[in-house]
Amino acid sequence: MLRTKTCGEARASDAGHEITLAGWVHRRRDHGELTFIDLRDRYGITQVVAHAKENAAAHAALKDARSEWVLQVSGTVRARPEGTRNSKLATGDVEVVAGRVTVLNESKTPPFYVNEETEVEETLRWKYRYIDLRRERSKELMRLRHEVTNFMRSYFVERGFWEIETTMLIRSDPTGARDFVVPSRYYPGKVWALPQSPQQLKQILMVGGIDKYVQIARCFRDEDPRADRIYELTQLDVEMTFVEPEDVMEIVEGCYTAVFDKFAKKPLHRRPLPRMTYDEAMKRFGTDRPDTRFGLELVDLTDVFRGTSFGVFRDSIAEGGSIRALVVPGKADATRKDIDGWTAVAKTRGAKGLVSFAFAGSEVRSPIAKFLSAEELGRLRSVSGAKDGDLVLAVAAEYRVASRSIGEVRRQLGAELRLVDGSTHHAMWIHRFPMFERELDGRWSRRQRARRREHPHLQPCDAGARVRDPRHLQGGGRGPLQRAPRRIGVRRAAGGRHRHRRGPDRDDPGRPIERPRDDRVPQDADGVRPVARRAGPDRSKAARGSRPARRREAGPAVDLAV
RNA sequence: GGUCCCGUGGUGCAGCGGCCUAGCAUACGUCCCUGUCAAGGACGAGAUCGCCGGUUCGAAUCCGGUCGGGACCGCCA
């Protein structure tokens with residue numbers, strides 16, 4: 001071994017012992033005849049000292065060393081003189097008096113700071129990944145990710161799950177994201193697909209009787225990247241047989257809350273985790289990932305303006321649209337600039353415009369006031385609950401567009417007006433997502449991939465219930481949805497229950513799912529339907545997506561609000 | 001496929017028609033210094049302002065193009 005201790009290890013009790021350290025020069029403090037060096041490795045930092053009159057060779061070596069050189073230092077551990085201890089370092093009570101210093105490698109001046117936490121452009125950090133990894137933050141993220149992953153694996157293994165690796169080179173699945181593709185040398189002209197998730201593969205395990213499976217699985221999706229999205233991501237993938245949805249939610253929630261207890265800096269707001277349906281989330285917050293850390297809930301003004309003479313609202317309602325709005329307390333004095341800004345925000349989600357109503361005394365200031373009757377304005381006030389001095393912002397559009405637009409404005413206002421209570425994590429389940437969605441023009445899609453929000457093999461909730469129109473079926477759950485302070489709502493997991501029987505039975509909502517009246521039949525994924533004839537049991541799944549580790553930082557599997 | 005933003009010494013930022021011979025901090029180099037820990041002090045080197053073209057008496061600054069980066073929409077079962 002080139003070292004007998006790490007740079008994070010020496011303590012006062014080691015005083016008098018001879019040790020050897022190896023590490024990088026973190027910092028050097030040169031006082032002339034007295035020179036200090038902070039030597040760094042993965043475990044910490046230890047101060048090394050040399051004096052010209054006591055050990056000229058060692059002193060010269062420390063003096064010549066530069067940032068990020070790799071040194072091996074042998075010397076004696078000594079308690080630091082009274083008053084010179086450094087409480088910021090774990091090893092701060094001692095120092096190593098350099099005896100022999102060996103330069104293991106010299107280094108050019110690094111392209112960016114290793115010893116300071118300043119922001120550095122990401123492309124540069126990636127170019128010099130090996131240097132970036134030496135920095136405290138990068139290193140801590142690596143450690144955290146390791147610990148969380150390890151914890152989750154143990155959690156499931158202790159509960160009887162088998163961790164099983166599934167194949168990476170598979171056939172393409174027509175559903176979902178675009179596949180990454182690998183050319184096959186053996187079958188010229190053909191390609192392998194990389195899994196978007198272990199979906200089909202784990203189902204085979206279930207049908208094969210491996211009734212509790214877990215995997216920390218790598219997934220590949222060839223979609224356009226975003227800030228929190230990348231081609232390659234890791235998910236905790238779970239599937240169980242002979243269980244009910246509640247069983248899966250319980251075990252996933254158990255894991256999730258345990259991870260928070262162990263690693264998060266802030267507590268969960270509530271447990272058990274609250275549950276909210278997709279419909280409720282859209283109605284109250286205008287998004288399927290609501291930020292519940294502040295109020296400012298949406299109100300629906302469609303009925304207020306039914307029969308209005310204001311053309312835009314009237315036409316929109318006549319076309320089946322809705323008027324969705326927010327009451328912003330005390331903002332009647334908002335400037336034109338403010339309102340233009342919020343209008344721009346609403347437009348990012350498809351709104352054509354944003355109408356404001358400022359309630360100031362008996363007066364209602366609004367660009368469309370002249371189109372409205374006193375009665376309408378009165379109803380607007382009572383239905384919205386706006387008080388004197390409040391501002392109402394409204395969007396008219398198809399229900400989803402209007403909701404999402406005004407929901408986005410709500411999100412913006414939450415940040416802008418500092419309404420967010422960031423003292424806890426608001427994690428929650430959002431469930432009963434619609435299995436099909438209308439196009440924005442209100443018609444059901446005729447496209448091959450339909451407006452299918454869920455996996456085609458998902459079993460709807462209310463299985464067995466007689467459903468008049470399969471397109472109204474609600475699917476599985478999403479959640480827990482985590483609210484982290486600087487991230488707006490991150491889908492943390494998704495899951496559902498699969499259809500497992502063929503369904504000639506009209507009461508089985510499984511069958512019509514594939515044949516919504518004016519939708520084309522999606523191609524079934526290879527292999528899944530055939531195995532249903534081989535007595536597959538029920539299957540319930542959950543996939544807990546890690547935040548697709550940002551390209552830049554090997555982020556933790558769970559965003560822990562660092 | 002689309003919209004918007006940003007490219008200035010090694011790094012992070014400022015300057016946004018002439019006051020710029022491009023400023024600040026830090027890093028880097030040399031020298032001084034016996035207890036520092038973001039050590040301190042002195043001196044010094046380092047950038048034709050991503051690139052190409054245009055407007056102008058004059059461009060880091062305005063315009064167009066291009067390359068690179070970022071954010072977002074579409075997309076992401």
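Below, read A as the first sequence line, B as the second, and so on, with proteins coming before strands; counting in each chain starts at 1.
- Taking the P atom of each, B/A42 and B/A27 are spaced 14 Å apart, rounded to whole Å.
- Base-pair partner of B/C16: not found among the strands shown (Watson-Crick or G-U wobble, both distances under 3.5 Å).
- A/Arg324 and A/Ser403 share a donor-acceptor pair across their side chains, judged by distance under 3.5 Å alone.
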Reading nucleotides 3-16 of chain B from 5' to 3' and marking B where a protein heavy atom lies under 4.0 Å of the base, S where only the sugar-phosphate is that close, and - otherwise, the string is -------BBS----
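- Taking atom P on both nucleotides, B/U66 is separated from B/G2 by 12 Å, rounded to a whole Å.
- One P atom belongs to B/C57, the other to B/C4, and the distance between them is 31 Å to the nearest Å.
- Pair check for B/A59 finds none; no Watson-Crick or G-U wobble contact set falls under 3.5 Å.
- Between A/Arg40 and A/Glu68, at least one side-chain N (NZ, or NE/NH1/NH2) sits under 4.0 Å from a carboxylate O, which counts as a salt bridge.
- Within residues 5-21 of chain A, no residue is approached by RNA chain B to less than 4.0 Å at the level of any non-hydrogen atom.
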Scoring nucleotides 32-39 of chain B by protein non-hydrogen atoms under 4.0 Å (B base, S sugar-phosphate only, - none) yields -BBBBBSB
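- Using a cutoff of 4.0 Å between basic side-chain nitrogens and carboxylate oxygens, A/Arg129 and A/Asp132 are scored as salt-bridged.
- Here A/Arg3 pairs with A/Asp41 in a salt bridge; the nearest charged N to carboxylate O distance falls below 4.0 Å.
- A/Ser67 has a side-chain polar atom (N or O) that falls below the 4.0 Å cut-off from OP1 or OP2 of B/C28.
- B/C62 and B/G44: their C1' atoms are spaced 37 Å apart (whole Å).
- Proximity of A/Arg221 to the phosphate of B/A77: a side-chain N or O atom is located under 4.0 Å from OP1 or OP2.
- B/G1 and B/A59 are spaced 38 Å apart, taking the P atom of each and rounding to whole Å.
- Remark: the separation of the P atoms in B/A14 and B/U3 is 27 Å, to the nearest Å.
- Annotation: B/U26 and B/C33 have their C1' atoms spaced 22 Å apart (nearest Å).
- Salt bridge A/Asp291/A/Arg410: absent, no basic N to carboxylate O contact under 4.0 Å.
- Between the P atoms of B/A71 and B/C31, the separation comes to 45 Å (whole Å).
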